[in-house]
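This report concerns only the one structure given below.
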Amino acid sequence: MNSKYRLRIAGKQSRREFLLNSSLGIAGVVAGATMPGMATPTARAAEREKTLGFALCGLGSLSTNQIAPALQKTRNCRLAGIITGTPAKAEKWKAQYNIPEKNIYNYETMHRLADNPDIDVVYVVTPNALHAEHTLKAARAGKHVLSEKPMEVSVQKCQLMIDACKEAGRKLAVGYRCQFEPHHLECMRLAREKVFGDVKIIEAGFGFRIGDPTQWRLKHGLAGGGALMDVGIYALQATRYLTGEEPISVSAMETKTDPVKFKEVDESIVWQLKFPGGILASCSTTYLVNGINRYTAYAEKGWFGLDPAYSYSGIRGRRSDGKEISAEEIDQFAAEMDNFAHCILTNTASKVSGEEGLRDIRILMAVYESIKTGQPVKLA
Ligand code: NAD
């Protein structure tokens with residue numbers, strides 16, 4: 001077991017344990033007492049023994065460099081199978097991770113997952129506009145689904161994913177790794193506990209300079225959009241989990257300085273959100289320049305934030321009182337997958353559910369609508 005994920009279930013929790021346990025959705029087992037609705041220590045001990053078999057669907061960069069290595073560090077998950085359209089990758093992964101032939105599938109044979117009890121969860125890591133197709137196949141084969149972000153490229157396709165998993169009686173979650181990351185959890189705590197008073201204004205942005213002009217991220221049919229869908233979504237997520245509210249209106253503006261490279265998708269967008277309690281957020285995203293990777297929440301008596309905020313490691317936090325937001329560096333993907341396994345094993349709701357993924361897509365679509373109409377868009 002990875003010590004980073006070892007849980008203490010009795011006695012006083014350290015701040016680090018509190019953060020880790022919050023990230024796992026385990027908040028209330030202290031000094032032998034069990035909070036209402038929480039699993040008993042015996043149930044928790046039983047959960048620690050179990051692992052769920054994950055099959056990775058799509059063996060591109062993220063699966064290869066982040067998810068497969070992260071699976072080796074999880075407490076309740078194991079890499080049990082793969083789904084790939086490339087036979088050469090299947091051979092390589094089979095040898096590297098000792099995956100039995102019977103647990104190797106392609107996109108056309110996914111329905112056969114139904115006969116494979118080794119695999120409990122399909123982690124969909126294909127281009128954005130294929131998430132629904134692969135989620136539906138996995139759910140219909142009786143598997144739980146973890147889909148990468150953005151959940152899909154339209155509200156309708158997100159709803160299809162939710163419905164298919166509901167119909168199959170399986171869980172659906174979205175790969176929002178930051179929601180399990182201790183620096184982000186600490187910022188959520190600072191906002192919710194009003195440590196600097198009420199948050200009034202949030203600035204958030206994420207962007208990078210994209211390379212290869214032929215990649216799927218620049219094709220509307222596969223990506224559904226550009227920087228906004230790919231990385232702007234992190235800034236949007238941050239405004240929602242810092243406020244704990246849903247925005248009531250959005251207005252946005254786009255610029256395209258390279259209309260050849262960005263013929264099909266957005267290049268740079270700034271947008272503003274208004275929340276029901278009066279908080280305003282100003283967000284930005286781009287595929288044109290490196291260095292935008294941050295958020296700051298400005299409150300009545302000070303400010304706090306992260307920069308870099310959304311990287312896989314090296315996240316740094318600062319507060320206006322000079323204290324650093326120091327927190328344990330964890331493998332965010334391992335924490336995210338262990339949390340999903342915990343939700344499945346204890347039949348509890350995921351905080352990064354399909355419904356949560358759909359909320360973001362609805363707002364991103366409103367950003368595009370505001371750009372198109374030049375008007376603010378009201379969100380119900
Ligand atoms: P990638 O291009 O490296 O990999 C995509 C994989 O999908 C490849 O193995 C490719 O062969 C496969 N694929 C199947 N059908 C395809 C088709 N018709 N066209 C193109 N490829 C096809 O991409 P990636 O960076 O691994 O991203 C995959 C998903 O993960 C995306 O949804 C992306 O947004 C998400 N992602 C999330 C994070 C995160 O931090 N959570 C980071 C990177 C990517």
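Quick caveat, the model's predicted, so the values are computed rather than measured. Whatever order the structure lists them in is the order used to number ligands and atoms, beginning at 1. Counting begins at 1 with the first residue of the sequence.
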Assign the ring pair W303 / Y298 to parallel, tilted or perpendicular, where the plane angle (0 to 90°) is split at 30° and 60°. tilted

In terms of relative ring orientation, are F208 and Y287 parallel, tilted or perpendicular, with 30° and 60° separating the classes? perpendicular

Would you mind finding which of [options] brings a heavy atom closest to [atom]?
atom                    : options               : result
atom 12 (C) of ligand 1 : F333, Y176, Y107      : Y107
atom 44 (C) of ligand 1 : Q66, Q332, M229, R217 : R217
atom 36 (N) of ligand 1 : L62, D212, N65        : L62

Consider only side-chain N and O atoms of S251 and Q272, and report whether a donor and an acceptor are under 3.5 Å apart. yes

Quick test: of every protein heavy atom, which one is nearest to [atom], and how far off is it to 0.1 Å?
atom                    : value
atom 7 (O) of ligand 1  : P127 CD, 3.3 Å
atom 10 (C) of ligand 1 : K89 NZ, 4.4 Å
atom 2 (O) of ligand 1  : W216 NE1, 2.7 Å
atom 37 (C) of ligand 1 : E148 OE1, 3.1 Å
atom 29 (C) of ligand 1 : T126 O, 3.4 Å
atom 28 (C) of ligand 1 : V125 O, 3.3 Å
atom 4 (O) of ligand 1  : G60 CA, 3.3 Å
atom 35 (C) of ligand 1 : K149 O, 3.6 Å

Heavy-atom contacts under 4.0 Å between [X] and ligand 1: side chain, backbone, both, or neither?
X    : result
T86  : neither
L222 : side chain
Y310 : neither

Would you call [X] and [Y] a salt bridge, taking side-chain N to carboxylate O under 4.0 Å as the test?
X    : Y    : result
R318 : E324 : no
D118 : K102 : yes
D230 : R217 : yes
E133 : K137 : yes
R359 : E356 : yes

Ligand 1 N/O within reach of H131 N/O, cut-off under 3.5 Å: yes

Polar-atom distance check: S63 versus ligand 1, any N or O pair below 3.5 Å? no

Which ligand 1 atoms are under 4.0 Å away from a heavy-atom of [X]?
X    : result
R177 : 39 (C), 40 (O), 41 (N)
N128 : 31 (C), 32 (O), 33 (C), 34 (O)
Y312 : 40 (O), 42 (C), 43 (C)
L130 : 15 (N), 16 (C), 17 (C), 18 (N)
Y234 : 38 (C), 39 (C), 40 (O), 41 (N)

Interatomic distance, CZ@F206 vs OG@S284, rounded to 0.5 Å, equals 11.5 Å

Rounded to the nearest 0.5 Å, the CD atom of Q156 sits from the CG atom of L358 at a distance of 9.0 Å

Hydrophobic cluster membership, L379 vs L242, 4.5 Å side-chain cutoff: yes

Using the rule that Ile, Leu, Val, Met, Phe, Trp and Tyr join whenever any side-chain heavy atoms are under 4.5 Å apart, tell me whether L273 and L280 fall into a single cluster. no

Between K351 and F180, is NZ or CZ placed under 6.0 angstrom from the six-membered ring centre and within 45° of the ring axis? yes

